[in-house]
Amino acid sequence: MAILIKNIKELLQIDEQARDFVSGARMSTLKTLKDAFLLTDGDQIVDFGQMSDLDITVLDRKHPDLQVFDASGRMVLPAWCDSHTHLVYPASREIEYIDKIRGLSYEEIAKRGGGILNSARKMEETSEDELYNSAMHRLGEIIAMGTGAVEIKSGYGLNTASELKMLRVIRKLKDNSPITIKSTFLGAHAIPLEYKGKQAAYVDLIINEMLPMVAAEDLADYVDVFCDRGFFTVEDTDRILNAAMKYGLRPKIHANELDYSGGIQVGVKYDALSVDHLEYTGDDEIQALLNSETMPTLLPGASFFLGLIYAPARKMIDAGLPVAMASDYNPGSSPSGNMQFILSLGSIAYKMLPEEAIHAVTINGAYAMGVNEELGTITKGKKANLILTKPIPSYEFLPYSYGNNKVEKVMLKGKWVIQ
Ligand code: NIG
Ligand code: FE
């Protein structure tokens, strides 16, 4: 079925060249078209242009089933690409959050067996169906806020059976949700209690047992390691990424959230698709990233929620790097998948211009999860994953109007899923 969206106040993030990502000074330019139309057919964007160039009688003849939607006053842009989440989890952790309010740090909570280990304990008692249903509900919520593609990690299992359980749930979500999903195996998210003091043995388990089974069932698109102070070392990370490479799993790693951990460099060494968090990024890290095809991915929701320092986004962009932003939706450090808020934090906390922030949550996010050829820009032939905004005065309003929902309708793969 073909759908014509006409009288679009402004069509945002057009890219005829279908660039893989946008970096440095180019991030401050956003290509748009005022008073525009956009045509989809099946699951694809097939045409767009100026209203004055639209010949509706020709279109009607070509598409007898054409549905026409009048977008007057509203803007259209690509749906958000959220390249880093942990949205399959057994339960929220608001009680632990009270400890945070009282002053305990993320690391102190983790050391007491809270944090990720708390989720891992609950994971044991949670069935695949329960996990699936709660995650499907969360997917519905983020779609309604404009997300059209999402990466989801395992990492609350921390033993072979539970890690596989999580990844099977993600596969079932892929099969049944209209949103585009990529899955990442994160066995190396925390050291389980029974391996305390025997970290290398847990890394052995990941390499010798988990990875082969994940690969045999083809359960993951990517591999992740939490390479940071108090979690996995550069040496652990090196071993895991080296093993994963043999199964063709490209890394997307957690790095430099808590310290200058060396995570960025080891990620680049293994040609990671992305390195994520990056609160501790200095000149050496920027240099390593400049010589790579790795997308620096910032998670301002975690800095906001935990009260951590923010990654030096301005410095990274000014050095010529691309930057993506993602929600990090998880029960411990960022219990929200609202990418509209992430867009606002990009401007509020990182001092990114609206244009830069929009690139960071669309095409650069798409690259960071390996879907840039099909999503992330308004380009003919790409999938029609679109946001139709409420009536808004300008696109600068999107980051500015923080905490408010600016999304009216969402189209995924050519179908209105929120209307
Ligand atoms: O990305 N940094 C490590 N992992 C998650 C937190 C997960 C949790 O606390 O449950 C993150 O912030
Ligand atoms: Fe994370």
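The structure displayed is predicted, hence computed values, not measured ones. Both counts, for ligands and for their atoms, begin at 1 and track the order of listing.
Remark: Lys172 qualifies as a cation-pi partner of Tyr132 under the 6.0 Å distance and 45° angle criteria applied to the six-membered ring. Under a cutoff of 6.0 Å and an axis angle of 45°, Arg138 and Tyr89 form a cation-pi pair. Because its NZ or CZ atom is both nearer than 6.0 Å to the ring centre of Tyr195 and within 45° of the ring axis, Lys198 counts as a cation-pi partner of that residue.
Nearest to atom 3 (C) of ligand 1 among the protein's heavy atoms is Phe226 CE2, 3.2 Å. With respect to atom 11 (C) of ligand 1, the closest heavy atom belonging to the protein is Asp328 OD2, 3.2 Å. Closest to atom 7 (C) of ligand 1 among all protein heavy atoms lies Tyr156 OH, 3.3 Å. Of the protein's non-hydrogen atoms, the one nearest atom 2 (N) of ligand 1 is Glu257 OE1, 2.9 Å. With hydrogens left out, the protein atom closest to atom 12 (O) of ligand 1 is Ser333 OG, 2.5 Å, a heavy atom. Looking at atom 6 (C) of ligand 1, its nearest protein heavy atom turns out to be Tyr106 OH, 2.9 Å.
Close contacts of ligand 1 with His84, meaning ligand atoms under 4.0 Å from a residue heavy atom, involve 1 (O). In summary, the atoms of ligand 1 found under 4.0 Å from a heavy atom of His189, numbered by their order in the structure, are 3 (C), 4 (N), 5 (C), 7 (C). Close approach to His277 involves these atoms of ligand 1, each under 4.0 Å from a residue heavy atom: 1 (O), 2 (N), 11 (C), 12 (O). Set against the non-hydrogen atoms of Arg93, the atoms of ligand 1 under 4.0 Å away are 8 (C), 9 (O), 10 (O).
Counted by atom type alone, Asp70 and Ser72 present one or more donor-acceptor pairs between their side chains at under 3.5 Å.
Annotation: side chain of Leu33 is not in contact with side chain of Glu10 (no heavy-atom distance under 4.5 Å). Side chains of Met369 and Leu273 form no contact here, defined as non-hydrogen atoms less than 4.5 Å apart.
Among heteroatoms of the N, O or S kind in His84, NE2 lies nearest the Fe ion (ligand 2). For the Fe ion (ligand 2), the nearest N, O or S atom contributed by Asp328 is named OD1.
Shown here is Glu128, whose CD atom has more than 12 heavy atoms of other residues, nucleotides or ligands within 6.0 Å.
Rounding to the nearest 0.5 Å gives a distance of 11.5 Å between CG of Asp236 and OH of Tyr202.
Remark: at the Fe ion (ligand 2), atom NE2 from His86 and atom NE2 from His254 enclose 100°, rounded to the nearest 10 degrees.
Between His254 and ligand 1, an N or O atom pair is found at a separation short of 3.5 Å.
Between Lys380 and Asp47, at least one side-chain nitrogen of the basic residue sits less than 4.0 Å from a carboxylate oxygen of the acidic one, meeting the salt-bridge criterion.
Metal site remark for the Fe ion (ligand 2): His277 contributes no N, O or S atom at a distance under 2.8 Å.
Proximity of Phe231 to ligand 1, defined as any heavy-atom pair under 4.0 Å, is not found for any part of the residue.
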